[in-house]
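A short write-up of the structure that comes next.
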Number of protein chains: 2
Amino acid sequence: MPLSTRPAAPGSLSDRAYVLIRNKILRGEFALGAPLSRRNLAAELEMSFVPISEAMQRLEAEGLVESRPRVGTRVRVPTPQDLRDRYIIREALETQSARLFCEKASSAEREEMRRMAARLDEMSERWTGGEDDPDFVFSVQSFHLSLHMRIAECTGCGPLCELIEKNQVLAINWLYDMAAGYQLPPGFHQPLIELLAGNDPDAADAAMRKHVRSGMQEILAAISERYGAGGGGLQGPEVLGEAVGAALWRSRYRRSADIASRSRRR
Amino acid sequence: MPLSTRPAAPGSLSDRAYVLIRNKILRGEFALGAPLSRRNLAAELEMSFVPISEAMQRLEAEGLVESRPRVGTRVRVPTPQDLRDRYIIREALETQSARLFCEKASSAEREEMRRMAARLDEMSERWTGGEDDPDFVFSVQSFHLSLHMRIAECTGCGPLCELIEKNQVLAINWLYDMAAGYQLPPGFHQPLIELLAGNDPDAADAAMRKHVRSGMQEILAAISERYGAGGGGLQGPEVLGEAVGAALWRSRYRRSADIASRSRRR
DNA sequence: TGCAATAAATTGCTATTTCAGTATATTTCA
DNA sequence: TGAAATATACTGAAATAGCAATTTATTGCA
């Protein structure tokens with residue numbers, strides 16, 4: 001059992017830094033557009049500059065942060081165009097996932113998916129759409145994600161799973177921070193799963209495509225409703241992301257000067 | 001104009017290291033399974049350990065190299081299963097690409113694709129299938145890749161392009177090193193492009209799916225033909241990759257001991 | 001008061017050094 | 001002769017220190 005000094009340190013420092021920073025971003029602890037100083041992070045996470053930089057590099061490659069060469073790094077503020085691009089990718093990956101599931105899943109796996117879909121639809125019926133308990137909303141969204149991931153796992157294609165998961169991450173982040181009012185339509189998943197569990201891959205593909213597209217429409221509508229700037233639909237507010245981001249680039253020297261000075265004194 | 005000391009250095013050292021090493025792998029200068037010592041690479045490329053390590057990290061994330069924590073890094077030897085997984089991803093991305101092209105491409109872009117397809121089919125007719133000039137084979141493969149990339153570019157979805165390009169890289173490498181005998185069937189692309197340039201997205205999707213699957217069958221057949229181990233088709237040789245790789249892990253202390261000693265003397 | 005030039009501070013980037021883990025080569029003992 | 005133990009060399013990971021580029025704050029001048 002690990003002692004108190006260094007409890008449970010699996011993987012390298014870079015890996016731990018990556019996971020820690022990633023979770024803080026996803027949970028909103030680091031807000032959209034917030035500046036991320038590598039030095040301050042190194043002091044906070046009690047490690048050196050190099051593993052932090054490596055973690056940042058990975059996060060940048062995944063699109064969660066953006067960095068300008070000698071200026072700074074910040075949590076990326078996705079534009080509506082980013083969201084649309086993500087959904088194009090998601091549609092590509094998940095229709096393939098649905099197709100392969102339909103072709104190759106075992107009967108036990110098909111039955112498992114039916115149960116998951118029923119449970120998810122039951123959860124979203126209890127979702128009033130008003131100001132629900134954030135933990136409840138979080139649990140529904142998590143279960144929603146794991147349902148889609150389970151479909152992908154049943155295809156037996158590991159890289160496909162990884163791509164789907166990576167691609168979903170930013171979308172979920174956006175969802176939480178900007179369009180928290182979004183709610184899953186009731187009875188959204190059981191018809192989908194019925195087609196995936198059938199024996200027509202083309203029908204499974206088409207059903208998943210419709211499912212993903214409808215989800216994107218819902219979210220874009222929720223965003224438009226909250227942040228105005230033109231009617232709903234696909235032509236959402238283009239300027240939102242950059243407006244927020246530009247304002248946030250400026251506030252650099254604000255947080256934790258004490259940590260910086262403390263680390264310098266060593 | 002840059003002086004002779006440091007000529008034309010765009011991007012960071014990490015970026016340059018990434019591009020240089022990546023190209024050497026793709027061109028076969030670093031063979032499949034070859035050990036890549038970060039220290040020797042640093043000496044060869046005349047830079048330090050850190051940017052090399054960052055480049056290696058990116059290459060590992062993309063699947064071009066694999067690294068064991070305190071053992072070493074080598075060029076990844078893809079297994080037939082890797083190849084199949086790549087083609088699953090490729091099918092997902094390129095059917096989406098075809099669908100979007102069919103929906104959104106301008107008439108000028110459709111005409112451009114027709115010209116490219118005609119030229120590519122013409123090139124592959126001149127391909128005898130025997131021992132052709134390697135430069136010619138390279139140029140055909142490059143043009144083939146750029147045709148598919150051009151389709152993706154016309155969709156206007158940047159991330160889709162990036163994913164397709166990243167996904168193709170390893171497949172191309174495999175193609176060159178292990179299945180060089182593969183040749184494009186004549187008249188392979190013009191019928192495809194005709195459907196992409198039509199007005200039925202579903203037909204474009206289906207045509208691209210058929211195209212990609214047929215390409216995978218061809219390559220797997222070419223591999224089976226060269227490396228035996230059972231009949232052709234999908235059940236190719238599972239053991240090939242690891243057999244080659246395991247043998248190559250062992251030969252570590254072989255190359256460029258002079259460089260290592262020279263760098264130590266500084 | 002307004003604007004340009006300068007100074008200070010912070011950033012990401014790179015080099016160098018040190019550390020810790022693994023594999024190979026050598027030695028030692030039965 | 002063979003197997004176990006040791007020694008050596010090499011590996012990637014991490015810490016530290018310093019550099020170069022950029023932005024912000026300050027100052028000087030009109």
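Each chain gets a letter, A, B and so on, in the order its sequence line appears, and its residues count up from 1. Not measured: the values here are computed from a predicted model.
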Next item on the list: Choose from dA15(C), dT11(C), dA14(D) the nucleotide whose nearest atom is closest to any side-chain atom of Pro51(B).
Entry: dA15(C)
Next item on the list: Find the bend of the helix from dT1(C)-dA30(D) to dA30(C)-dT1(D) as the angle between its two terminal axes (five pairs each), to the nearest 10°.
Entry: 10°
Please name all residues satisfying side-chain contact (heavy atoms from CB on, under 4.5 Å) with [X], sequence neighbours left out, ordered by chain then number.
{"X": "Phe143(A)", "answer": "Met116(A), Arg119(A), Leu120(A), Met123(A), Ser146(A)"}
{"X": "Phe49(A)", "answer": "Arg38(A), Arg39(A), Ser53(A)"}
{"X": "Leu59(A)", "answer": "Tyr18(A), Ile21(A), Arg22(A), Met56(A), Leu64(A), Val65(A)"}

Does a side-chain N or O from [X] land closer than 4.0 Å to OP1 or OP2 of [N], or not?
{"X": "Ser12(A)", "N": "dA13(D)", "value": "no"}
{"X": "Ser14(A)", "N": "dA13(D)", "value": "no"}
{"X": "Ser37(A)", "N": "dT10(C)", "value": "no"}
{"X": "Arg38(B)", "N": "dA13(D)", "value": "yes"}
{"X": "Ser67(A)", "N": "dG12(C)", "value": "no"}

Which donor-acceptor pairs under 3.5 Å do the side chains of residues 158-170 of chain A make with protein atoms, sequence neighbours left out?
unit_1, atom_1, unit_2, atom_2, d
Asn167(A), ND2, Arg86(A), O, 3.2

Taking side-chain hydrogen bond (donor to acceptor under 3.5 Å, both in side chains) as the test, write out the residues that go with [X], two or more places apart.
{"X": "Gln57(A)", "value": "none"}
{"X": "Ser14(A)", "value": "Glu54(A)"}
{"X": "Lys104(B)", "value": "none"}

Notebook entry, point to check: Thinking salt bridges, do Arg90(B) and Asp85(B) make one under a 4.0 Å N-O criterion?
Noted result: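 No, no charged N to carboxylate O under 4.0 Å.
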Next item on the list: Could you identify which residues of residues 53-62 of chain A place a heavy atom less than 4.0 Å from some atom of DNA chain C, listed by residue number, or say none?
Entry: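 Residues of residues 53-62 of chain A under 4.0 Å from DNA chain C: none.
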Note to self: Quiz question: going by heavy-atom distance under 3.5 Å, is there a donor-acceptor pair between the base of dG12(C) and the side chain of Arg39(A)?
What the structure shows: yes
